[in-house]
There are 2 protein chains.
Amino acid sequence: MDAETIQRSLEDGGLRCTPQRYAVMAFLMEHAEHPTAAEIFEAVNRLDPRSSRATIYNNLRDLVEAGLVREVAVEGRAARFDAKAVRHHHFICDRCGNVEDMEWYDVPKPDADSLGKRVFREYELIFRGLCARCAPRRASRHA
Amino acid sequence: MDAETIQRSLEDGGLRCTPQRYAVMAFLMEHAEHPTAAEIFEAVNRLDPRSSRATIYNNLRDLVEAGLVREVAVEGRAARFDAKAVRHHHFICDRCGNVEDMEWYDVPKPDADSLGKRVFREYELIFRGLCARCAPRRASRHA
DNA sequence: TCTCAAATTAGACAGATTCTAAGACTTCAT
DNA sequence: ATGAAGTCTTAGAATCTGTCTAATTTGAGA
């Protein structure tokens, strides 16, 4: 991933390109496996230890607000983050909580009637089940 | 909501009908506004204070496992719970985090190809935007 | 009634995230 | 350059959500 692209996308989002912010964005663009804040903190500081935990969280919040990063809440687990540019759905594993990307396809949006006074921004489709790693041992669930 | 219905649904789910469990289930069936665990704890004990916090969490976990209650994770906020029997989608407010029900409609499921070795269990559609209460003041965001 | 598993409890604990207060860095007008 | 103002970062404390522990109570069935 080319540095200028990252810098430009930050600036397009109205964010200054600081080394710490750059590191978070670059890491997310290079790692599609939906890391948690803790994983990002560890990985970013392993390369060059100069981001505090608060800064990771601050920058993730800024990136989400700027629309450059998506946050995925998972029941009972830490949030996961995702900078993939192309639109996609998500598959969440019931057992391990991992989040995987699924190919995008449009579905009908709710009509104005059912929205009422709400302002619609976007939708996403979440699939649940067992990921490829967990599926084979699902029998052990009933052990 | 009739007491026998609640009792029966608990027993159908393989759960003993204790006063504490009953109280959680009854509260959820009577309150469709997707309360958090903390809200349930407070409300249930306001009526009749005999449930500890751990019991609320234990019972919510049991009810979710029995399929009687749905848990909705919301980014950066406490999980919300929902005992509505009829299938529905959710609308989550970007600003206040409230969860509202949206009428159900089927959408195409992912095909076997894109699932690969994953085991599909269910899907849900999540709409995001601003709820009726937050929509009018969205301008203040840029203040 | 007796027994045993299931359920409950208070409070300690843990993990995730936010807050605070201080300092460092940028920007920009002088 | 210089200084003011705002933005960013920091370490650690604090908060919030949720889980665990160990002891006790409850309840269904023998």
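Each chain gets a letter, A, B and so on, in the order its sequence line appears, and its residues count up from 1.
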query: More than 12 foreign heavy atoms under 6.0 Å from NZ of Lys117(A): is that the case here?
result: no
- prompt: Is any side-chain nitrogen or oxygen of Gln20(B) closer than 4.0 Å to OP1 or OP2 of dT26(D)?
  reply: no
- request: Could you state the atom-to-atom distance from CD of Glu75(A) to P of dT17(D) in whole Å?
  value: 16 Å
task: Starting at atom CZ of Arg61(B), determine the distance to atom P of dA6(C), rounded to an integer number of angstrom.
output: 13 Å
message: Does a side-chain N or O of Thr36(B) approach OP1 or OP2 of dT17(D) to a distance below 4.0 Å, or not?
response: no
statement: Taken in chain and number order and not counting sequence neighbours, the residues that satisfy ring pair (Phe, Tyr, Trp, His ring centres under 6.0 Å) with Tyr123(A) are Trp104(A)
- prompt: In whole angstroms, how far is the C1' atom of dA28(D) from the CD atom of Gln7(B)?
  reply: 14 Å
query: Can you tell me how far C1' of dG27(D) sits from CG of Leu15(B), to the nearest Å?
result: 15 Å
statement: Within residues 45-59 of chain B, those residues having any heavy atom closer than 4.0 Å to DNA chain D are Arg53(B), Ala54(B), Tyr57(B)
- prompt: Do any N or O atoms from the side chain of His34(A) and from the backbone of Ala32(A) form a donor-acceptor pair under 3.5 angstrom?
  reply: yes
message: What is the separation between atom CZ on Phe41(A) and atom C1' on dG15(C), rounded to the nearest whole Å?
response: 14 Å
query: What residues, two or more places apart in sequence or in another chain, satisfy ring pair (Phe, Tyr, Trp, His ring centres under 6.0 Å) together with His88(A)?
result: His90(A)
task: Round to the nearest Å and state the distance from Arg77(A) atom CZ to dA14(C) atom P.
output: 19 Å
message: I want to confirm an ordering. Mapping Ala79(B) and Gly14(A) to their closest nucleotides on DNA chain D, which one lands closer to the 5' end?
response: Gly14(A)
message: Without decimals, in angstroms, what is the distance between Arg80(A) CZ and dG15(C) C1'?
response: 14 Å
Candidates dT8(C), dG18(D), dT17(C) - which lies nearest the side chain of Arg21(B): dT8(C)
- prompt: To the nearest angstrom, how far is Tyr22(A) atom OH from dC8(D) atom C1'?
  reply: 19 Å
query: Is Arg128(B) close enough and on-axis enough to Phe91(B), meaning under 6.0 Å and within 45°, for cation-pi?
result: no
- line: Regarding the side chain of Arg16(A), the nearest nucleotide among dT26(C), dT9(D), dT9(C) is dT26(C)
task: Output, in order, the C-alpha distance, side-chain angles, deciding distance and verdict of side chain to side chain contact (heavy atoms under 4.5 Å, CB included) for Val74(A) and Arg80(A).
output: CA-CA 8 Å; Val74(A) 183; Arg80(A) 290 163 175 285; 4.1 Å; yes
message: If you assign Pro19(B) and Ala78(B) each to the DNA chain D nucleotide with the nearest heavy atom, which residue ends up on the more 5' nucleotide?
response: Ala78(B)
query: Of the non-hydrogen atoms in Ala83(B) and Leu28(B), which two are nearest, and what is the gap between them?
result: CB-CB, 3.7 Å
